[in-house]
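Notes for the one structure printed next.
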Amino acid sequence: MSTILDNFQKKKDWLFCIDSDGCAMDTMDIKHIRCFGPCMVDEWGLSQWKAPILDRWNDINLYTMTRGINRFKGLAMALKEIHEQYCDIEGIEALQRWVAESPELSNPALEKAIEENDNVCLKKALSWSRKVNESINALSFDEKKPFDGVKEALAYANQFGDVAIVSSANRQAVDEEWGRYGLLDHVDIILAQDVGSKAFCIQELLKKGYDKDKVLMTGDAPGDKDAAEKNGVYYYPILVRREKESWEEFVGAAVGKLVDGSYGGDYQQQKLKEFTENLK
């Protein structure tokens, strides 16, 4: 059976890979602030310490170098600190062990782990994850918008190169969110979590004949930078809390530098430094 990658053909010499949540779509903050963190407080009965716990959840998942971390890894980190600073988290060792050892961190993988280990923390983690999904699905489309300048940036980049969404988000969510705001008009292929990791998606796209120095991964989290570096392609960061300015520079400088061959060297190092300093 052919896949979306099998059917995709390179049309232009340059390739722009674009992440979705927190990069093109202003959805990461609202999902963590309204869904992930509050659902953890509710699931574990942490309302007594709600404010500092939610602040720390947001630090882990939004504002430091663990931004974009897998939800279960972020949960294990937060609960470990809560266990040490606020109250006992029963069975936390089993969750930490599963997060460290499981080859897949997802709801189905956690369900299988619970079948083998009837652990209260694992069961609460699954309940939390399901409630997070329900809470995210309940957000209105008006609360899940692209950042200012994204549509114009995609249209501009698409004049010079192919545009690929490379995201770990749910495919249906990407289709709906990008489609609602007309962003798919400037996209040549959608590679979401059902296709594979971001590093894998870039690797497979390179097999279509792109030169590595003509490929740019645009993202907001360390995982996006890592996916670019694993494949030897350039990385352009959308800086947290400076998203509008980042997209303006994408149009004003980054695209042109990629196309004229001057992206590497000083400019790439400058962007990597800005990215790291912004998430400290």
Side-chain angles (χ1 to χ4, degrees), residues 8 10-31 62 67-68 139-192 198 201-202 205 210 213-221 223-225 227-228 233-264 267-268 270-272 274-275 278-279:
F8 176 71
K10 168 179 174 283
K11 294 186 283 294
K12 297 171 183 173
D13 288 340
W14 287 270
L15 174 66
F16 297 90
C17 300
I18 313 287
D19 178 43
S20 184
D21 280 4
C23 175
M25 301 299 300
D26 187 6
T27 49
M28 228 170 132
D29 281 13
I30 193 171
K31 288 177 181 179
L62 296 174
R67 177 179 172 86
L139 294 173
S140 71
F141 273 113
D142 290 339
E143 296 174 297
K144 295 181 282 188
K145 296 180 178 179
F147 287 109
D148 288 344
V150 169
K151 185 171 184 179
E152 295 80 4
L154 294 173
Y156 183 70
N158 206 196
Q159 294 178 50
F160 302 95
D162 297 327
V163 173
I165 299 174
V166 177
S167 169
S168 57
N170 174 277
R171 169 65 191 252
Q172 181 181 348
V174 173
D175 281 341
E176 291 174 350
E177 292 169 6
W178 286 60
R180 181 177 179 85
Y181 294 99
L183 304 185
L184 296 179
D185 295 346
H186 313 294
V187 170
D188 297 286
I189 184 171
I190 304 171
L191 301 176
K198 293 175 183 177
C201 290
I202 295 172
L205 286 169
Y210 300 100
D213 62 358
K214 293 182 178 179
V215 178
L216 184 66
M217 174 66 195
T218 299
D220 62 289
D224 303 311
K225 178 176 77 74
V233 304
Y234 293 127
Y235 177 61
Y236 181 80
I238 300 300
L239 302 178
V240 180
R241 300 187 175 112
R242 293 164 55 191
E243 292 88 357
K244 181 181 179 182
E245 294 87 344
S246 297
W247 280 110
E248 288 173 350
E249 184 178 337
F250 178 85
V251 172
V255 171
K257 287 181 178 295
L258 186 74
V259 172
D260 71 18
S262 65
Y263 194 94
Y267 186 70
Q268 175 67 108
Q270 173 195 333
K271 301 316 295 179
L272 292 174
E274 289 175 4
F275 175 67
N278 193 54
L279 285 179

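Throughout, numbering of the chain's residues begins at 1 and tracks the sequence.
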Rounded to the nearest 0.5 Å, how far apart are SG of Cys17 and CG of Asp224?
-> 10.5 Å
Within a reach of under 6.0 Å around NZ of Lys244, are more than 12 heavy atoms found that belong to other residues, nucleotides or ligands?
-> no
Salt bridge (Lys or Arg N to Asp or Glu O under 4.0 Å) between Asp21 and Lys144, intermediate numbers included = CA-CA 9 Å; Asp21 280 4; Lys144 295 181 282 188; over 6 Å; no
Taking all non-hydrogen atoms of both residues, which atom of Leu184 and which atom of Asp175 are closest, and how far apart?
-> CD1-O, 3.9 Å
Judged by atom type as modelled, is there a donor-acceptor pair below 3.5 Å linking the side chain of Asn158 to the main-chain atoms of Gly161?
-> yes
Between the main-chain N or O of Phe275 and the side-chain N or O of Asn278, is there a donor-acceptor pair closer than 3.5 Å?
-> no
Met25 side, atom CE; Tyr181 side, atom OH - distance, nearest 0.5 Å = 6.5 Å
Determine the minimum heavy-atom distance between Ile18 and Trp247, stating which atoms define it.
-> CG2-CH2, 4.0 Å
Minimal non-hydrogen separation, Leu62 against Arg67, with atom names | O-NH1, 3.0 Å
Considering residues, nucleotides and ligands other than Lys12, do more than 12 of their heavy atoms fall under 6.0 Å from its NZ?
-> yes
Test side-chain hydrogen bond (donor to acceptor under 3.5 Å, both in side chains) on Asp260 and Ser262 and set out the steps.
-> CA-CA 6 Å; Asp260 71 18; Ser262 65; 2.6 Å; yes
Closest heavy-atom pair and its distance - Cys23, Gly219 = SG-CA, 3.7 Å
Nearest non-hydrogen partners of Ala228 and Met217, listed with the distance | CB-CB, 3.8 Å
Residue Gln270 excluded, over 12 heavy atoms near CD under 6.0 Å | yes
Under-4.0 Å salt bridge between Lys271 and Glu249 = yes
Provide the closest heavy-atom pair for Asp213 versus Tyr234 in the form atom of the first, atom of the second, distance.
-> O-CE1, 3.5 Å
Go through the steps for Glu177 and Asn170 under the test side-chain contact (heavy atoms from CB on, under 4.5 Å), then give the verdict.
-> CA-CA 11 Å; Glu177 292 169 6; Asn170 174 277; over 6 Å; no
State the CG-CD distance between Leu272 and Gln268, to the nearest 0.5 angstrom.
-> 4.0 Å
Glu243 (side chain) donor-acceptor with Arg241 (main chain) under 3.5 angstrom = yes
Arg171 and Ile165, any side-chain heavy atoms less than 4.5 Å apart = no
Go through the steps to decide whether Asp19 and Lys198 satisfy the test side-chain contact (heavy atoms from CB on, under 4.5 Å), and finish with yes or no.
-> CA-CA 9 Å; Asp19 178 43; Lys198 293 175 183 177; 3.2 Å; yes
Compare all side-chain heavy atoms of Thr218 with those of Phe16 and state whether any distance is below 4.5 angstrom.
-> no
Is the closest basic N to carboxylate O distance between Asp162 and Lys10 below 4.0 Å?
-> no
Counting N and O atoms only, with roles assigned by atom type, does the side chain of Trp14 sit under 3.5 Å from a partner on the main chain of Val163, one being a donor and the other an acceptor?
-> no
Atom CG of Leu216 and atom NZ of Lys257: how far apart are they, to the nearest 0.5 Å?
-> 12.5 Å
Distance from Arg242 atom CZ to Asp220 atom CG, nearest 0.5 Å?
-> 14.0 Å
So Tyr236 and Tyr263, would you call those rings parallel, tilted or perpendicular, with 30° and 60° as cut-offs?
-> perpendicular
Interatomic spacing from CG in Leu205 to CD1 in Ile189 - rounded to 0.5 Å | 6.0 Å
